[in-house]
Amino acid sequence: MPEGHSIHRYARLHRRTFAGHRLRVSSPQGRFSEGASDLDGRVLETVDATGKHLFYRWGGGRTLHVHLGLFGRFTTFDANPPEPTAGTRLAFRSSEATLYLAGPTICDLIDPAEEAAIRDRLGPDPLAGDSPDRLVQALARRRIGIGAALLDQRVMAGIGNVYRAEFLFLVGIHPDVPAREVPHDDTRLLWDLAVAHMRRGERSGRIVTVDPGELGARRRSDLAAHERLYVYHREGEPCRRCGTEITRHELAGRAVWWCPRCQPAP
DNA sequence: GCTGCATGATGAA
DNA sequence: TCATCCTGCAGCA
């Protein structure tokens, strides 16, 4: 679930639901007990996101840093929440809503220096109104494939495995093309696609890259994952544009998909 | 009940 | 490149 669009969406939803409220905070699982007791009874002032990182800002100058990693998930309940699962690291509760967090890679209180260090490691975020200049510069410096470069959060913050595959298809670039050989115009196009698609993903909560004209009359919400995307998880299926079989390959431990005809090998 | 898999990232080798 | 950490759930028996 969690690519940058989901993270920014969580920031917005959690801000709307919990900001301005004095919260009861606990760690049912026990692995965030100290932090939870520090936060318990404080007011959550605001929530913001950069790339895939969430920052919850509390009265008393506390900042909670959350990174969902691959498995992390939030669940929210209006009232009468069920018992938390054994893996529930963090629970917030206002008088009207409850939030559970399970499986995050990171859930820690941090100080301003630690936050600065996190931000220093992040490239431009398409959802933060950043300029693509740093993306252009970062790609120009790398000999690794563009596919590998796009998952590096120092290159571009917030892209994950789904968007990587889809954006490369939309730009028509093979993942193995060396990053520094990608024409600047294509890099700009990649950025513009990222801004447009991730904004849409932030609003809808799902990734739909297929052009509406190609979706037919079916409602987006009815579509299965492989119907909303051009290449991700579609190995062996025909390319929507040219009919060629989509290919899958392992790249630095993560799978990547592409159309061999629309995205010719370097 | 067990296995495998997932939209992530790090540190060691 | 590999091992490791973080959970839940679908697909099996």
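These values consider heavy atoms only, across backbone and side chains, with no hydrogens, waters or symmetry-generated copies. Labels below follow one simple rule: chain letters A, B, ... track the order of the sequence lines, proteins then strands, and each chain is numbered from 1.
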Trainee: If you compare every side-chain N and O of A:Arg31 against the phosphate oxygens of C:dT7 (OP1, OP2), does one of them come in below 4.0 Å?
Mentor: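 For C:dT7, OP1 or OP2 has a side-chain N or O of A:Arg31 closer than 4.0 Å.
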
Trainee: In this structure, how many angstroms lie between the P atom of B:dT7 and the CD1 atom of A:Ile7, rounded?
Mentor: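 Atom-to-atom, A:Ile7 to B:dT7, this comes out as 15 Å.
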
Trainee: Determine the interatomic distance between P on B:dT10 and the same-named atom on C:dG8; round to the nearest Å.
Mentor: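 Here B:dT10 and C:dG8 have their P atoms 23 Å from each other.
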
Trainee: Check whether the ring centres of A:Tyr163 and A:Tyr232 lie less than 6.0 Å apart, and answer yes or no.
Mentor: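 No.
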
Trainee: Is it the case that A:Arg93 places NZ or CZ above or below the six-membered ring of A:Tyr100, under 6.0 angstrom from the centre and within 45 degrees of the axis?
Mentor: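 Here A:Arg93 fails the 6.0 Å and 45° test against A:Tyr100.
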
Trainee: Quick one: do A:Arg57 and A:Glu115 make a salt bridge, cutoff under 4.0 Å?
Mentor: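 Result for this pair is yes, salt bridge flagged.
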
Trainee: Could A:Asp152 and A:Arg142 be called an ion pair, given the rule that one side-chain N must be under 4.0 Å from one carboxylate O?
Mentor: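 Yes, this pair counts.
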
Trainee: Write down the distance between CG (A:Leu151) and C1' (B:dT7), rounded to a whole number of angstrom.
Mentor: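 My rounded result for the distance is 10 Å.
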
Trainee: Between A:Asp152 (CG) and B:dT10 (P), how many Å, whole number?
Mentor: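 Answer to the nearest Å: 9 Å.
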
Trainee: Using the P atoms only, state how far B:dG4 lies from C:dA3, rounded to an integer number of Å.
Mentor: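 Going atom to atom, P in each nucleotide, I get 16 Å.
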
Trainee: Give DNA chain B the dot-bracket treatment, 5' to 3': Watson-Crick (N1-N3 with N6-O4 or O6-N4) or G-U (N1-O2, O6-N3) under 3.5 Å, [ ] crossing, | other strand.
Mentor: ||||||.|||||.

Trainee: In whole angstrom, what separates A:Lys52's NZ from B:dG8's C1'?
Mentor: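 Going from A:Lys52 (NZ) to B:dG8 (C1'), I get 6 Å.
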
Trainee: Reckon A:His53 has a side-chain N or O less than 4.0 Å from the OP1 or OP2 of B:dG8?
Mentor: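 A:His53 to B:dG8 OP1/OP2: no side-chain N or O under 4.0 Å.
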
Trainee: Is the distance between the ring centroids of A:Trp58 and A:Phe18 under 6.0 Å?
Mentor: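 For A:Trp58 and A:Phe18, the ring centres are not under 6.0 Å apart.
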
Trainee: Kindly say if A:His67 contacts the phosphate of B:dA9, meaning a side-chain N or O under 4.0 Å from OP1 or OP2.
Mentor: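 For B:dA9, OP1 or OP2 has a side-chain N or O of A:His67 closer than 4.0 Å.
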
Trainee: Does B:dT10 have OP1 or OP2 sitting under 4.0 Å from an N or O in the side chain of A:Thr105?
Mentor: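 Checking B:dT10 against A:Thr105, no side-chain N or O comes under 4.0 Å of OP1 or OP2.
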
Trainee: Under 5.5 Å centre to centre and under 30° between planes: does that hold for A:Phe71 and the six-membered base ring of C:dT7?
Mentor: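 By the stated criterion, A:Phe71 and C:dT7 stack.
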
Trainee: If you count heavy atoms of other groups shown closer than 6.0 angstrom to CD of A:Glu250, is the number above 12?
Mentor: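 More than 12 heavy atoms, drawn from other residues, nucleotides or ligands, come within 6.0 Å of this atom.
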
Trainee: Send over the distance from A:Leu168 CG to B:dT7 C1', rounded to a whole Å.
Mentor: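 Taking CG of A:Leu168 and C1' of B:dT7, I get 15 Å after rounding.
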
Trainee: Does A:Gln153 make a side-chain N or O approach to OP1 or OP2 of B:dA9 shorter than 4.0 Å?
Mentor: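 It does, given that an N or O in the side chain of A:Gln153 lies less than 4.0 Å from OP1 or OP2 of B:dA9.
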
Trainee: How close or far is atom P of C:dC2 from atom CD of A:Glu250, stated in whole angstroms?
Mentor: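 Taking atom P of C:dC2 as the reference, CD of A:Glu250 is at 10 Å.
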
Trainee: Which part of the nucleic acid does A:Gln29 contact within heavy-atom distance under 4.0 Å: base, sugar-phosphate only, or nothing?
Mentor: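 Sugar-phosphate contact only.
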
Trainee: At less than 4.0 Å, is any side-chain N or O atom of A:Tyr163 found next to OP1 or OP2 of B:dT7? Yes or no.
Mentor: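 The answer is no; no side-chain N or O of A:Tyr163 sits under 4.0 Å from OP1 or OP2.
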
Trainee: To the nearest Å, give me how far apart CG (A:Leu70) and P (C:dT4) are.
Mentor: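 My rounded result for the distance is 17 Å.
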
Trainee: Give one of base, sugar-phosphate or nothing for A:Arg164, where a contact means two heavy atoms less than 4.0 Å apart.
Mentor: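 No contact at all - A:Arg164 keeps every heavy atom at 4.0 Å or more from the nucleic acid.
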
Trainee: For A:Ile207 and B:dA6, give me the distance from atom CD1 to atom P, rounded to whole Å.
Mentor: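 It works out to 15 Å between those atoms.
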
Trainee: Between A:Arg254 and B:dT7, does any side-chain N or O lie under 4.0 Å from OP1 or OP2?
Mentor: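 Yes, such a contact exists.
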
Trainee: Measure from the side chain of A:Arg73, starting at C-beta and using heavy atoms only, and say which of B:dT10, C:dG8, B:dG8 lies closest.
Mentor: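 Ranking B:dT10, C:dG8, B:dG8 by closest atom to the A:Arg73 side chain puts C:dG8 first.
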
Trainee: Under 4.0 Å between a Lys/Arg side-chain N and an Asp/Glu carboxylate O for A:Glu202 and A:Arg12?
Mentor: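 A:Arg12 and A:Glu202: salt-bridged.
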
Trainee: Classify the ring geometry of A:His67 against A:His53: parallel below 30°, tilted from 30° to 60°, perpendicular beyond 60°.
Mentor: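 If you compare the ring of A:His67 with that of A:His53, the planes turn out perpendicular.
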
Trainee: Taking the P atom in each of C:dC5 and B:dA13, what is the distance between them to the nearest angstrom?
Mentor: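 Per the computed distance, 15 Å lies between those P atoms.
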
